[in-house]
Structures are given as structure tokens and as C-alpha cells.
Amino acid sequence: MGEEEKSLNFIEHIIEDDLRAEYVKDQLRFRFPPEPNGYLHIGHASSICLNFGLGIKYNAPVNLRFDDTNPAKEEKEYVDAIKKDIKWLGFDWDTECYASDYFQQLYDWAVVLIQEGKAYVDSQTSEEIADQKGTPTEPGRESPYRNRSIEENLSLFEGMKNGDFKEGDHVLRAKIDMASSNMLMRDPVMYRVLHKAHHRTNTDWCIYPMYDWTHGESDYIEQVSHSLCTLEFLPHRELYNWFLDQLVSENRLRPKQREFARRNLSHTVVSKRKLLQLVENNIVSGWDDPRMPTISGLRRRGYTPESIRNFADTIGIAKRDNVVDVSLLEFHVREHLNKIAPRVMAVLNPLKVIITNYEEGKEEWLDAENNPEDEKSGTRKVPFSRELYIEQEDFREQANRKFFRLKLGGEVRLKNGYIIKAESCTKDEDGNVVEVQCTYDPKSKSGSGTEESLRKVKGTLHWVSSSHAIAAEVRLYDRLFTDATPDGHKDKEFMDFVNPNSLQKITGHMEPSLKDAKPGDRFQFQRLGYFNVDLDSTPEHLVFNRTVTLRDTWAKIEQKT
RNA sequence: UGGCCUAUGGUGUAAUUGGUAACACAGCUGAUUUUGGUUCAGUCGUUCAAGGUUCGAGUCCUUGUAGGCCAACCA
């Protein structure tokens, strides 16, 4: 019941007010209305969580409606990807709808508008129409075709529908007010001729309705009570209402458009158009590249639906411009993955360690906890032997007291194993350490209960047995852009900020339990971060993505000195 | 030179609708820890400005300032 204490966002306040004033709960209905012209991104996730979350909160139906009125940009591929992403996020829609299902109804209504003298066919070029539109500070001029007879309009509009005209010959316009301070009210175009096949209606139509003439009417047909969209549609509201005024009947629910600010994420772009540019210019491998802020990219990267929902929940919804720090998103994945990801050991930057007093050829299988956060997760066996790998960063010949890791003459615990002491090291001709010779304390074995095993040493390192380790490709990701707001600069293009080093591929050495890992499986590589198995992975060639690093306090300490 | 929207810590969002400015992240301290992870405790810091109404203003009014949106046969 703690849920009820949560304060309402401004949309919920509006709904509560409406519930008190005019609606009953049963009339509430929402919709998520993507255009199938690209993949969904983290900004859409916010909108999805808003609309479907409202549906859950008020036990109201939520439609998935494809706003497919522009066949030039839309494809079935996108429809399928969108449906997959919404389901993956954990939501389900009441009815799958398409604006294209309403083409006939929309046409019939348009004819009614013509008959009532509220719409006319304009036969000018788009340039002429644009020229007459005026500017925000000057009124527009009326089209010479504005006062055509109803009969002529009717016959021309029918001709448009029948394919008698080329693209651009005519458009249908609403007759509103060329002097309105709202540019959208200056006789907006309702229909244009487009001789293009539509992914659902194929060539049935060669005129297509514009967004404004479609959206509110679709909401009305579906009896959506609250049509929520982003703030850039705010000026459209007047037109949305004008179109509704022409056709709503008293006894049917009249939809309301309400607007909220789109969510921006730092160090990335959240716009289908810009994401498409990244794909087309091969900056990334595709819409689902793990560096992309698309839902499919985040999924491939290893994000969980829960973490994205929690993120959307935390940032909430409001009306002001915003740039949410990506570290908040990262916090939510870590929070979730910490609870569910099995711990394993993997060495990404190997440095050979020889335990000189450990018998050659001997191997031991040690017990390792799968997840300290989950008692039921049990343990697994990891092999130990004379020759191991640790991370290069975990050894220094000498270091100060703040360095808890291995140094000459110093001791360290090997996680789930023994305490070792570095005795000497060998270097190559360039002076790089290539091998460390250590001794181990045979009585210090983890979990053995001996006095020595309970000894406290400052550092604990992860490691793998070099002969048992399996090699795997590991893909390390960094932010796609070097700037926090790549598309927020007036003098520069967002493309100027693409990080050239956002992907690094290396070969890591994994503990052998990982050999059966399947695409999608998530792990914590201890002390390194959370990783998942990539779609490209095969049993012969494992591929891991780093979802996110662990919080790294050491990196901060080191940076300061 | 127009119309509309917005303004709360570094970031995001709240504030019983005029009554103690709070939650999360980030940052910083410390404790715990066989992950420099987790967990725990503490800490830092906020109402764009100036007037006004009021016993009382983040909230209402006025003016200003700053940012955003609007002139696609895109959505």
C-alpha cells in the first residue's frame, strides 16, 4: 500500500480533476501512438511507461495505435520492432490499431467538411501555399481557390482520391483563419496526393491524410479520453479541438490532448531522425547497436526491462525542458543486476602469476558463491592451479598504502582461493611486467575454517586458472558522444561530438563455467562490471557486452592523486 | 516586431493546492565487506529577479529576465 503515498504527476492531477468533474472511471482510455518510421528509444520508453502505467493505475484500456499516414517513411519492419519492444518492456495493449484503418471514415468526414464549406481544394504549388502562409508576426493571405464552389471542391477531391491527379496538383485544406496568431490554424492541409504504396493499404489510396486531420479523429473513433503527447504538439491543440468541433456528437466522449516535456538523456541523442543518421552513416552497426539509446540497443546491451521502467518512474513527467543524466539510468541497471546477476570471474587484461610453491600439474576445484545477494543461488566450482591470470592493473612492483592490490613483498587474497604473496617479477625488454612469481599459504584456503583462512588481508583479487580459462570476445562500450548535450549547440552539429572510441573489442579469459552461456545471459564479472552475452555469440566464439561497469571508488581515489 | 509554454540544489522530480521546501541520483565522510561491489550511517547543497496581495507566498498578481515551441503537401 506504500504505492498510494506516491505523489501524483501533473497528468495524474489532470485526470483526477477530470474524474471529479466530468468523467467516470470506465471512460478512461489511453493510447500510445508511434509512427512506424524507426525504432523506439528511451524517450518513447517514458511515454510508454506513462500511458501504460496510467492504464494499470486506473484499470483502463490502452491502445497501441500506429500513426501510419505517411507511406514514404513507414515500413512493416518498424511495426514489428515496435511491438516487440513494448512487450519486452512488460506492457500489453488492449487493441492494436492503425490510423490507416480509419482512412475511409476520415475521407467521409472530409467530404462532410467540404459540404459544410469548411474545407476546400487548393490547386497551388506547395511553394505558393507556403508563401501565402505569412510569418508568426505577419498574417497570411487567402488562397485564390479558397472560395471555390462546394460542387467543384467535391468533384476535385473525388478526383484526387481516384488518382486523376499527380502529386502536388491539389491538396485539401481546412478553411479556418489565415490571420490566426497560430500558424497551424492558417488553413492547414488535410490531404495530399501521394502515389505511393502503403505497407497496409497498399495502393488502395493515393491521397493520405495529414497528422492533424488524423490524430484527434482517431482518438475520437477509439474513444481515447486523454491523448498525451509531447510539448511540441501544444500549438496543435487548437487545431485538434477545431477538427473535433466539426464532428463530435453530444453523446460520445470527446478526447483531450494534453502535453508533457519529452525526456532527454545526457551524452546521447533522442530523436528518430538523428538515430537514423547514426545508422545510415555506419557510426553504429544498426538500430540495436548496444551503444544506441534505442530500446533494442539497451536490450542488447544487457539492460533489463525492470531497470528501464524504474528509471522512467524515477524521472517522472513534467513540462519543463530537461536533460536527465545518464548516470541515473546506469544506477537503475546496477541496482537490478546486483540482485539478479550471477557472479563469475573473468580476466580482461591478463598478467601471468606463477605460484612457485604450488605443485605442478595439480588442480583443485574451489567453491565459489554465485550471488551474495541471493542465498538461494548456491555455489559453483572454479579450478585453481599453479599458473593463473590476474589483471595487469592489480599488480605494481611498488605502491603506496592506498593500493590494496598486489605488490612485491605484499599479500593479497585470491577470491574463493588462497592468500598469496608476490616474491618477484620478470619483465620484457621494454620494462613491462610479464609474469609475477608468488608463494601461497596452503592453510589459507577460503572456507576451510582454519585460523589462516580467517586472516584479514586488505585486497581481494579475481583471477582465472590460465590452463582452464576459456577465451571470449569482450566488447567494452563508452558513451557514443563526448558532449553531454550533443544536439544542444547552435554552432555545432551533433555528429561533431561522436566519440571515436565508443567501442573497444578485446579478448578476455573466462572461468570455464561460462562455456555454456547463451545470448542474453547476464553476469557480474567480479570487480569489473555487468556483462551479457551478445546476439553474435556462438558456443565456439563467445561474445560478451559490458552493460555497465561497477561503481569504481578506486578510480576516483587514483584520479585525485 | 507576434502568439504560446516553461522556470525549485550539479541532475531529475515532489510539496496535503496559500501553512516546516522534500525524495532519488551524483558528490563528499565514515563503518561493514573474501568484489575498492553491495549494505549502513552521516554530510553537502534549492524556490530566476524586482515589486505587490497576505498573519503567512515555491504556489496568487504585476513587471522584467532567461530558455523553449510555432512559418513541412513530416509526425
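Every heavy atom of this structure was used, including side-chain atoms; hydrogens, water molecules and symmetry mates were not. Below, chain A is the first sequence line, B the second, and so on; all start at residue 1.
- Comparing A24(B), A71(B), A75(B) by their nearest atom to the side chain of T314(A) picks out A24(B).
- Distance CZ (R263(A)) to P (U11(B)): 14 Å, rounded to an integer number of Å.
- Here the side chain of K319(A) is nearest to one of G2(B), C5(B), U13(B), namely C5(B).
- Each of F243(A), F103(A), Y220(A) was scored for a ring pair (Phe, Tyr, Trp, His ring centres under 6.0 Å) with W213(A), with one residue passing: F243(A).
- Side-chain atoms of H236(A) come within donor-acceptor range of the base of A75(B), with a qualifying N/O pair under 3.5 Å.
- Spacing of C1' atoms, U46(B) relative to A21(B), comes out at 8 Å, to the nearest Å.
- The CG atom of L8(A) sits 12 Å away from the C1' atom of U17(B) (whole-angstrom rounding).
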**Report entry** Candidate pair V474(A) and M510(A), rule side chain to side chain contact (heavy atoms under 4.5 Å, CB included), full reasoning
**Finding:** CA-CA 10 Å; V474(A) 180; M510(A) 319 279 145; 3.5 Å; yes

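- Using a 4.0 Å heavy-atom criterion, one finds that F233(A) contacts the bases of the nucleic acid, with or without backbone contacts as well.
- Note on T214(A): nothing from the nucleic acid sits closer than 4.0 angstrom, heavy atoms only.
- Summary of the strand contacts: L328(A) and G134(A) both lie near RNA chain B, and taking for each the nucleotide with the nearest heavy atom, the more 5' one is attributed to L328(A).
- Relative to the six-membered ring of Y208(A), R192(A) misses at least one condition, a distance below 6.0 Å or an angle of at most 45° to the axis.
- Comparing the C1' positions of U53(B) and G18(B) gives a spacing of 11 Å, expressed to the nearest Å.
- Backbone-only engagement by V189(A) is indicated by non-hydrogen atom pairs under 4.0 Å involving sugar-phosphate atoms exclusively.
- For S126(A), counting side-chain heavy atoms from C-beta on, the closest listed nucleotide (C73(B), G3(B), A75(B)) is C73(B).
- Among the atoms of the strands shown, only primed sugar atoms or phosphate atoms (P, OP1, OP2) are found under 4.0 Å from some heavy atom of K490(A).
- Heavy atoms of N322(A) sit under 4.0 angstrom from primed sugar atoms or phosphate atoms, though from no base atom.
- The distance from atom CD of Q124(A) to atom P of C73(B) is 12 Å, rounded to the nearest whole Å.
- Which of C5(B), A75(B), A14(B) sits closest to the side chain of L234(A) comes down to C5(B).
- In this structure, L231(A) places its CG atom 6 Å from C1' of C5(B), rounding to the nearest Å.
- Between F531(A) and F523(A), the gap from one ring centroid to the other reaches at least 6.0 Å.
- Put simply, CD1 on I315(A) is 11 Å from P on A14(B), counting in whole angstrom units.
- Neither OP1 nor OP2 of G68(B) sits under 4.0 Å from any side-chain N or O of R262(A).
- Ion pairing between K492(A) and D483(A) fails under the 4.0 Å rule for side-chain N and carboxylate O.
- Across the C1' atoms, U20(B) and U59(B) are found 15 Å apart, a figure rounded to whole Å.
- The side chain of R192(A) contributes an N or O atom lying less than 4.0 Å from OP1 or OP2 of A75(B).
- Distance, H332(A) NE2 to C25(B) P: 8 Å, rounded to whole Å.
- For W365(A) and F384(A), the distance between ring centers is not under 6.0 angstrom.
- Spacing between G67(B) and U38(B) at atom C1', rounded to whole Å, works out to 41 Å.
- Taking the ring centroids of H236(A) and F233(A), they lie under the 6.0 Å cut-off.
- Applying the 90° cutoff around 0 to the glycosidic angle, U46(B) is assigned anti.
- Distance H13(A) NE2 to U13(B) C1': 12 Å, rounded to the nearest Å.
- The cationic atom of K161(A) (NZ for Lys, CZ for Arg) lies less than 6.0 Å from the six-membered ring centre of Y107(A) and within 45° of the ring axis.
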Query raised in the report: With Watson-Crick and G-U wobble geometry limited to distances under 3.5 Å, how should the secondary structure of RNA chain B be encoded in dot-bracket form, using | for bases paired to another strand and [ ] for crossing pairs?
Result: .((((((..((((.....[..)))).(((((.......)))))....(((((..]....))))))))))).....

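- The side chain of F331(A) lies closest to A26(B) when the candidates are A71(B), A26(B), C69(B).
- Residues Y120(A) and D187(A) bring a donor and an acceptor atom of their side chains to less than 3.5 Å of each other.
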Requested in this report: Would you please test R405(A) and L461(A) for side chain to side chain contact (heavy atoms under 4.5 Å, CB included) and show each step?
Outcome: CA-CA 7 Å; R405(A) 288 114 109 128; L461(A) 306 185; 3.7 Å; yes

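- Candidate nucleotides C74(B), A71(B), A26(B) were compared by shortest atom distance to the side chain of M210(A), and C74(B) ranks first.
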Query raised in the report: Which letters describe nucleotides 27-46 of chain B, given B = protein heavy atom under 4.0 Å from base, S = only from sugar-phosphate, - = neither?
Result: SSS----BBBBS--------

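- C48(B) and A57(B) are spaced 15 Å apart, taking the P atom of each and rounding to whole Å.
- Separating the C1' atom of U47(B) from that of U39(B) is a span of 34 Å, rounded to the nearest Å.
- Per the geometry, CG belonging to D321(A) stands 13 Å off P belonging to U11(B), to the nearest Å.
- A centroid separation of less than 6.0 Å is found between the aromatic rings of H170(A) and F165(A).
- When the C1' atom is compared between U32(B) and U11(B), the two are found 30 Å apart, to the nearest whole Å.
- A gap of 13 Å separates the P atoms of U16(B) and G58(B), to the nearest Å.
- Ring centroids of Y39(A) and Y78(A) are separated by less than 6.0 Å, placing the two rings close together.
- Nearest-nucleotide positions on RNA chain B for L184(A) and N37(A) put L184(A) closer to the 5' end.
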